[in-house]
Trainee: 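Below is a structure I'd like to ask you about.
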Amino acid sequence: MPSIRRPALAAAALTAALALTATACGPSDDEAAGSDKPSAAASQKGDEGLELPKNLPSSLKDLEKWKNGAWKNWDKEQWLREARDFVNPIIKDHWKPDSMKEAKPSDKTLATQGAPGTAPGASGDQGVTDPEPQPVQAKSVAVPYHNNAAPVGKVFFDSPEGHMVCSATVVKDPAHPGKSNMVWTAGHCVHAGKKGGWYRNIAFVPSYNDKGLPGAQVNSAPVQDVAPYGVWWADWAQTSSQWIAQGAETGGAGAPYDFSVLHVKPEAGSGKSLEETVGNALTVDFNAPQVKSIPSMGAWGYPAAAPFDGQKMYDCVDRPSRLTIETSQPTMYRIGCTMTGGSSGGGWFAKGPDGKVVLVSNTSIGPANSTWLAGPRLGPEAQGVYNAISQKFAKR
């Protein structure tokens with residue numbers, strides 16, 4: 001049995017801060033792309049006003065075929081790779097309780113077994129790897145999730161291997177205060193990295209399986225229990241140029257830049273923004289505080305690989321340590337945690353200088369034996385991605 005190191009007061013404070021703050025009620029009944037320097041490209045208009053890049057493979061130019069099932073047979077040798085290539089048309093009812101339940105964890109990046117040791121004479125965090133933390137047993141989040149972790153949910157997408165899943169968090173949009181449609185997740189949940197391209201049919205479901213129903217009941221549950229705030233499709237995705245150029249199945253050199261921001265719109269809804277709909281969104285901290293200044297940090301998500309099944313939300317809270325993949329790159333945060341694949345992309349939260357909880361990282365990599373997780377420190381590159389997608393939709 002792994003030892004549990006869970007700072008009780010810090011955990012309680014983090015959990016309380018994730019609770020629904022904008023409203024005190026439950027869900028209403030009404031209810032890419034690319035690098036930190038997005039490229040522009042000539043485009044053509046598809047149906048529903050969707051802008052399609054001119055260089056799309058011919059198999060994608062016919063959106064009706066795509067919507068009628070062509071996505072199932074897409075050729076991974078024809079990845080849509082660059083910023084201008086991102087395309088993600090809404091396919092109504094594509095994500096239903098049964099397809100959500102069968103989605104597999106995108107956990108190949110959760111397979112690294114270590115990193116270089118501490119650099120002799122290193123000061124601060126750069127180039128340092130601390131001893132592996134003791135495992136922290138993942139703790140189930142109290143239900144209903146919309147009252148206890150309102151901004152947290154699941155990202156669903158299709159890869160050549162089929163339906164896949166990650167975790168994600170609603171974050172604030174400086175261009176639309178109180179009305180954000182932005183979601184934070186991992187880069188490897190939207191783009192395959194160096195040897196691939198953009199995934200498809202990317203959608204976000206906040207407070208997935210709100211009541212924490214057992215997996216056996218999810219297929220037959222009312223859709224409002226599985227997706228209480230509806231399904232929100234990414235109409236644009238943004239990740240780092242470093243992840244696109246260097247990301248690999250085991251994280252690779254792209255791991256310290258393994259973050260992504262989605263802009264989403266509802267498959268069906270009342271016209272409210274995502275933030276208004278769920279009642280909360282988190283501020284993102286890009287100051288990358290040093291480990292020694294953070295007494296406690298928590299990771300939230302939906303682990304889907306054994307012994308978990310992806311149907312319930314968990315969290316781990318621990319004092320962070322440091323992990324270096326390459327000494328020339330930013331040092332990552334690391335905490336003890338037994339969450340598995342499927343938790344990828346889930347937000348990491350800590351108290352900011354003003355005492356409010358902020359998003360400081362997201363789950364990126366971990367060992368095959370699932371004893372710890374590591375996430376990128378959010379500096380200038382992450383802020384560039386965030387600002388670019390905010391500005392893209394600033395006047396919409």
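Only heavy atoms go into these numbers, but all of them, side chains included; no hydrogens, no water, no symmetry mates.
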Trainee: Do the charged groups of E161 and K104 touch, with an N to O distance under 4.0 Å?
Mentor: no
Trainee: What are the two closest heavy atoms between V218 and V226, and how far apart are they?
Mentor: O-CG2, 3.8 Å
Trainee: Please identify which of these residues, S344, S260, S364, meets the side-chain hydrogen bond (donor to acceptor under 3.5 Å, both in side chains) condition with H188.
Mentor: S344
Trainee: Show me the donor-acceptor pairs within less than 3.5 Å that the side chains of residues 305-314 make with the rest of the protein, sequence neighbours left out.
Mentor:
from	atom 1	to	atom 2	distance (Å)
D309	OD1	Q311	N	3.0
Q311	OE1	Y208	OH	2.6
Q311	NE2	D309	O	3.1

Trainee: Looking at every non-hydrogen atom in both residues, tell me the closest pair between A168 and F204 and how far apart they are.
Mentor: CB-CE1, 3.7 Å
Trainee: For the residue pair Y386 and F286, categorise the inter-ring angle as parallel (less than 30°), tilted (30 to 60°) or perpendicular (more than 60°).
Mentor: tilted
Trainee: Answer yes or no: is there a donor N or O on one side and an acceptor on the other, between the side chain of T185 and the main chain of S167, under 3.5 Å?
Mentor: yes
Trainee: Show the nearest heavy-atom pair for residues E276 and G178, with the distance to one decimal.
Mentor: CG-O, 3.4 Å
Trainee: In plain terms, say whether D318 and R334 are close enough for a salt bridge, that is, a side-chain N and a carboxylate O under 4.0 Å apart.
Mentor: no
Trainee: Kindly give the heavy-atom pair with the smallest separation between A203 and V231, and that separation in Å.
Mentor: CB-CG1, 3.7 Å
Trainee: Parallel, tilted or perpendicular: which fits the ring planes of F86 and W236, with parallel below 30° and perpendicular above 60°?
Mentor: perpendicular
Trainee: Compute both the distance and the angle, then confirm whether K265 meets the cation-pi test with W233: under 6.0 Å from the six-membered ring centre, within 45 degrees of the axis.
Mentor: no
Trainee: Do D158 and R200 meet the salt-bridge criterion of a basic N to acidic O distance under 4.0 Å?
Mentor: no
Trainee: Classify the angle between the aromatic ring planes of W198 and H191 as parallel (below 30°), tilted (30 to 60°) or perpendicular (above 60°).
Mentor: perpendicular
Trainee: Between S343 and Y302, is there a donor-acceptor pair closer than 3.5 Å when you use the side chain of the first and the backbone of the second?
Mentor: no
Trainee: Under 3.5 Å, is there a donor-acceptor pair linking the side chains of S273 and H176?
Mentor: no
Trainee: Quick one: CD1 on I389 to OG1 on T239, what's the gap to the nearest 0.5 Å?
Mentor: 10.5 Å
Trainee: If you look at every heavy atom in A245 and K194, which pair is closest and at what distance?
Mentor: O-CG, 3.4 Å
Trainee: Report yes or no: do W348 and T363 form a side-chain donor-acceptor pair below 3.5 Å?
Mentor: yes
Trainee: Thinking salt bridges, do D315 and K139 make one under a 4.0 Å N-O criterion?
Mentor: no
